[in-house]
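Okay, so here's the structure we're looking at.
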Amino acid sequence: MSPTEDPAFADLALREELLRPLTALGYEEPTPIQREAVPPLLAGRDVLGVAATGTGKTAAYALPLLQVLAPLPERPGTPTALVLTPTRELAVQVSEAVYKYGRELGARVLPVYGGTPIGQQLRSLERGVDVVVATPGRALDLLGRGALSFEALRTVVLDEADEMLDMGFSEDIEELLSAAPEDRQTVLFSATMPSRTAALARRHLRDPVRVRIERPAVAAGQVPKVRQIAYLVPRAHKTTALGRVLDVEAPTAALVFCRTREQVDTVTESLNGRGYRAEALHGGMGQDQRERVLGRLRAGTADLLVATDVAARGLDVEHLSHVVNFDVPSAPESYVHRIGRVGRAGREGVAITLADSREHRMLKTIERVTGQRIAVEALPTVADLHARRLELTRAALRESLLTDELDRFRSVVESLGDEFDLVQIALAAVKLAHEATGGRDGEDVDIPAERPGPDRDAGRGTRSERGPRGERARPAGGDGSPTTRLFIGAGRSAGIRPQDLVGAIAGESSLTGRDVGGIEITERFSLVEVPADKAEEVIRGLRGATLRGRRPTVRRDRDGAGARGSD
Ligand code: AMP
């Protein structure tokens with residue numbers, strides 16, 4: 001994309017003291033809401049924004065507030081900006097963000113909220129503050145006491161206005177706004193725009209510029225057919241959750257998207273610690289470095305790529321089975337762009353999004369804009385993970401029993417047989433095999449459940465969508481009809497990739513790529529889900545086919561997990 005379509009922060013005419021902290025935070029480019037809201041705000045206009053958490057709305061209004069701060073000695077002691085938020089948590093979060101963006105400017109930022117002793121807040125206000133981030137009740141209280149002055153106030157931001165009205169802050173907000181200077185700038189951000197919120201905006205905003213990320217830019221047909229899942233995960237547990245999800249999904253090749261360079265580095269490190277071969281890719285890397293990383297991915301010496309949107313642009317990786325969003329992307333377009341990386345060549349890909357409760361609303365927006373459902377599922381539990389690992393070990397053992405030449409181990413079993421029961425010997429062998437394939441069960445910790453955010457229609461799609469052993473519901477767009485899992489005796493070591501399997505199935509039967517369900521490729525064999533009523537046809541077809549130069553065994557997977565109603 002050219003720089004005109006896609007402005008960098010530098011093109012937003014922000015001062016150097018604001019640009020440097022953004023780079024340090026690892027932000028590579030403005031989010032859509034920042035691109036749209038920053039210029040009018042810098043020009044002094046009122047702005048009415050429809051944007052949920054996750055869009056980057058905080059920086060969208062905070063950067064312009066900070067841009068106009070006078071040099072420290074010339075600043076009035078009383079605030080030039082007031083940000084109102086519905087909750088104490090958001091007040092703290094916003095003030096931390098404003099503080100970080102305004103670090104080089106020495107911005108004095110103070111969160112004030114109810115439910116805590118007022119004394120400390122009074123003293124801080126007395127010392128001089130530039131930006132106050134407040135819940136409405138406490139702001140009004142401080143105003144009444146004469147501790148908060150609106151004398152120098154230039155900008156008022158109503159953040160999550162719909163929430164504030166829902167929480168009964170309407171009168172407090174009216175009172176605060178009528179006490180604020182007439183010629184102030186007013187900014188209103190809201191995830192939704194019900195009539196009460198719109199009326200509030202009509203009363204208090206002057207000829208506002210309207211910005212929204214919810215442009216219907218995505219025609220339904222353009223959205224790739226990809227199985228889309230989201231897990232609600234507390235922010236602090238996202239890295240652990242990512243490892244868990246990848247362990248359970250066992251992707252052949254995955255691209256993990258992060259918002260910032262810092263996240264890319266942390267996530268890469270943690271995945272490598274978990275035994276993955278993950279590579280980081282971000283905009284701060286030189287061309288050479290980038291080429292080396294991509295080379296490793298293509299050569300198969302790396303199986304996971306962790307990247308920012310900027311770095312992943314123009315990336316030519318074909319064989320991805322999974323895209324994982326470590327955060328909900330900042331706009332539906334970006335989501336669509338990301339998940340378009342899988343589901344190529346007619347084969348179903350998987351897109352997984354980790355969202356915390358506040359990002360939940362953004363998921364809804366994406367669903368609305370794309371017209372596609374994102375199933376919110378319960379994070380696989382430690383027990384699921386262990387069961388899954390055992391299942392893989394069992395399948396590997398079974399395969400070995402069926403195909404390997406095992407006689408040279410006979411003497412080991414026989415000599416131990418004098419001392420131990422055969423089952424016990426087998427148990428010890430299974431334990432060793434399990435541990436050798438990464439069954440580090442002792443290290444797994446439980447991740448607390450995250451409840452959806454304020455959204456009321458949340459929580460649909462639950463555990464009940466998963467079978468008892470973690471098998472999945474049919475892929476998005478599937479019709480819920482029974483599937484059969486087929487065993488194919490060739491896997492990664494034979495160079496088998498998902499597209500080979502789909503290609504062979506589509507070539508040798510009446511099925512199309514879309515009809516093929518979950519695919520799992522292990523070192524030595526592959527499992528493919530097909531519609532139960534077509535299983536025989538596919539088996540017959542594949543038996544005559546060559547896959548990467550071989551004629552592997554093809555049969556129903558007798559294990560049967562995922563083969564409901566077929567065998
Ligand atoms: P918000 O919607 O304001 O709550 O922001 C959501 C998250 O996005 C926060 O963690 C921000 O630090 C992050 N963020 C905001 N702007 C950008 C950007 N331009 N690039 C990367 N991350 C961003």
Side-chain angles (χ1 to χ4, degrees), residues 31 33 49-60 83-97 111 113 115 133 135 159-169 189-192 194 197 213-214 228-245 256-260 263 266-267 324-332 334-335 351-369 373-381 445-466:
T31 66
I33 203 80
V50 182
T53 293
T55 54
K57 66 182 163 68
T58 315
V83 181
L84 295 175
T85 68
T87 62
R88 162 191 179 142
E89 290 71 35
L90 189 62
V92 170
Q93 196 182 311
V94 166
S95 67
E96 280 169 2
Y113 39 79
V133 187
T135 50
D159 195 356
E160 300 200 354
D162 51 351
E163 281 287 306
M164 288 199 283
L165 295 183
D166 279 357
M167 291 172 72
F169 284 129
F189 273 104
S190 194
T192 58
T197 314
I213 44 99
E214 217 179 316
Q228 301 174 55
I229 314 165
Y231 295 110
L232 292 185
V233 182
R235 176 143 295 272
H237 294 275
K238 275 203 177 175
T239 317
T240 316
L242 175 66
R244 166 96 39 99
V245 167
V256 180
F257 279 102
C258 296
R259 274 172 188 262
T260 67
Q263 269 177 358
T266 331
V267 165
V324 184
N325 297 309
F326 190 70
D327 284 297
V328 180
S330 58
S334 142
Y335 179 84
I352 295 170
T353 304
L354 303 182
D356 67 23
S357 59
R358 301 202 71 89
E359 290 170 322
H360 186 249
R361 183 96 80 165
M362 185 63 190
L363 276 183
K364 298 281 165 189
T365 303
I366 292 172
E367 279 191 325
R368 206 161 46 241
V369 173
R373 160 116 202 268
I374 303 174
V376 178
E377 292 187 359
L379 193 72
T381 61
V445 288
D446 258 318
I447 298 174
E450 175 88 327
R451 276 195 301 279
D455 207 329
R456 280 151 213 87
D457 59 338
R460 55 184 202 180
T462 54
R463 189 99 220 132
S464 63
E465 290 178 11
R466 299 171 71 92

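Note: hydrogens, waters and symmetry copies are ignored here, and every other heavy atom, side chains too, is used.
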Residues in side-chain contact (heavy atoms from CB on, under 4.5 Å) contact with Thr31, at least two apart in sequence or another chain: Ile33, Gln34, Ser330

Residue pair Tyr335 / Gln228, side-chain donor-acceptor N/O under 3.5 Å: yes

Stepwise side chain to side chain contact (heavy atoms under 4.5 Å, CB included) check, Val83 with Thr85: CA-CA 7 Å; Val83 181; Thr85 68; 4.2 Å; yes

Partners meeting ring pair (Phe, Tyr, Trp, His ring centres under 6.0 Å) with Phe189 (sequence neighbours left out): Tyr61

pair Val324-Val245: side-chain heavy atoms closer than 4.5 Å: no

Contact check, side chains of Thr55 and Met362, non-hydrogen atoms, under 4.5 Å: yes

Salt bridge (Lys or Arg N to Asp or Glu O under 4.0 Å) between Glu160 and Arg361, worked out: CA-CA 12 Å; Glu160 300 200 354; Arg361 183 96 80 165; over 6 Å; no

Stepwise side chain to side chain contact (heavy atoms under 4.5 Å, CB included) check, Thr135 with Leu84: CA-CA 6 Å; Thr135 50; Leu84 295 175; over 6 Å; no

Closest contact, heavy atoms only, Val50 versus Ala191: CG1-O, 3.6 Å

Rounded distance [0.5 Å steps], CG in Leu165 versus OG in Ser190: 7.5 Å

Sub-4.5 Å side-chain heavy-atom contact between Val328 and Ile366: yes

Residue pairs involving residues 229-245 (criterion salt bridge (Lys or Arg N to Asp or Glu O under 4.0 Å); sequence neighbours excluded): Arg235-Asp327, Arg235-Asp356, Arg235-Glu359, Lys238-Asp327, Lys238-Glu359

Pro380 side chain near Tyr231 side chain, heavy-atom distance below 4.5 Å: yes

Donor-acceptor pairs under 3.5 Å, side chain of residues 86-96 to any protein atom, not counting sequence neighbours: which ones?
residue: Thr87; atom: OG1; partner: Leu90; partner atom: N; Å: 3.1
residue: Ser95; atom: OG; partner: Ala91; partner atom: O; Å: 3.2
residue: Ser95; atom: OG; partner: Val92; partner atom: O; Å: 3.1

Within-4.5 Å side-chain heavy-atom neighbours: Thr239 and Phe326: yes

Taking every non-hydrogen atom, the tightest pair across Ile374 and Glu367: N-OE2, 2.6 Å

Separation of Leu232 CG from Leu363 CG (nearest 0.5 Å): 7.0 Å

Side chains of Pro234 and His237 in contact at under 4.5 Å (non-hydrogen atoms): yes

Partner residues of Thr266 under the side-chain contact (heavy atoms from CB on, under 4.5 Å) criterion, sequence neighbours left out: none

Side chain Gln263, main chain Arg259, donor-acceptor under 3.5 Å: yes

Point-to-point distance, once rounded to the nearest 0.5 Å, from CG of Leu354 to CG of Asn325: 8.0 Å

By side-chain contact (heavy atoms from CB on, under 4.5 Å) - contacts of Pro194 (at least two apart): Asp162, Thr192, Thr197

